[in-house]
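To start, the structure itself, in structure tokens.
From a predicted model like this one, the values you see are computed outputs, not experimental measurements.
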Amino acid sequence: MTANYHLKKFGDRLRNLRKAKGLSQEELAEIAELHRNYIGGIERGERNVALLNIIRLAQALEVSPSELLKGLE
């Protein structure tokens with residue numbers, strides 16, 4: 001598996017969790033204190049997300065970081 005595969009899987013996971021919470025990319029970005037374009041890039045599998053941003057996203061989605069990373073094995 002390539003790095004791009006994992007980035008895409010993470011992006012899909014983030015999108016699914018965001019939509020399950022009824023949040024737009026802009027709303028998630030605001031809560032997580034990140035830029036909306038950054039969220040879009042993550043969801044498209046274009047961004048390699050830093051650990052601190054994974055933690056911010058997990059907190060914004062009210063899940064644990066491990067839950068956000070679930071399915072990437």
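The two residues N48 and L7 make their nearest non-hydrogen contact at CA-CD2, 3.7 Å. Across A60 and L28, no two heavy atoms sit closer than the pair CB-CD1, 3.6 Å. Considering all non-hydrogen atoms of both residues, A29 and H35 come closest at CB-C, 3.8 Å.
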Under the criterion side chain to side chain contact (heavy atoms under 4.5 Å, CB included), I'd like the reasoning laid out for V49 against L14: C-alpha separation, chi angles, the key distance, then a yes or no.
CA-CA 11 Å; V49 186; L14 178 64; over 6 Å; no
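For R18, the salt bridge (charged side-chain N to carboxylate O under 4.0 Å, His left out) partners are E43, not counting sequence neighbours.
Looking at heavy atoms from C-beta onward, I55 lies out of side-chain contact with L68 at the 4.5 angstrom threshold. Taking the side chain as every heavy atom from C-beta outward, E67 and R13 approach each other to under 4.5 Å.
No more than 12 heavy atoms of other residues, nucleotides or ligands sit less than 6.0 Å from atom NZ of K9. Around the CD atom of E26, the shell of radius 6.0 Å holds no more than 12 heavy atoms that belong to other residues, nucleotides or ligands. Residue E27 qualifies as enclosed at atom CD: its count of foreign heavy atoms under 6.0 Å is above 12.
Note that CD1 of I39 and CZ of R44 are 11.0 Å apart. Values are rounded to the nearest 0.5 Å. Going from atom CD of E30 over to atom CZ of R36 covers 12.5 Å, rounded to the nearest 0.5 Å. Distance CD1/I42 to CG/L57: 5.0 Å, rounded to 0.5 Å. The structure places CG of L72 at 11.0 Å from OG of S66, a figure rounded to the nearest 0.5 Å. Here the CG-CG distance, from L23 to L17, works out to 10.5 Å after rounding to the nearest 0.5 Å. Note that OG of S64 and CD of Q59 are 11.0 Å apart. Values are rounded to the nearest 0.5 Å.
With salt bridges taken as basic N to acidic carboxylate O contacts below 4.0 Å, one links R15 and D12.
R47 places no side-chain N or O within donor-acceptor distance of the main-chain N or O of G40, the cut-off being under 3.5 Å.
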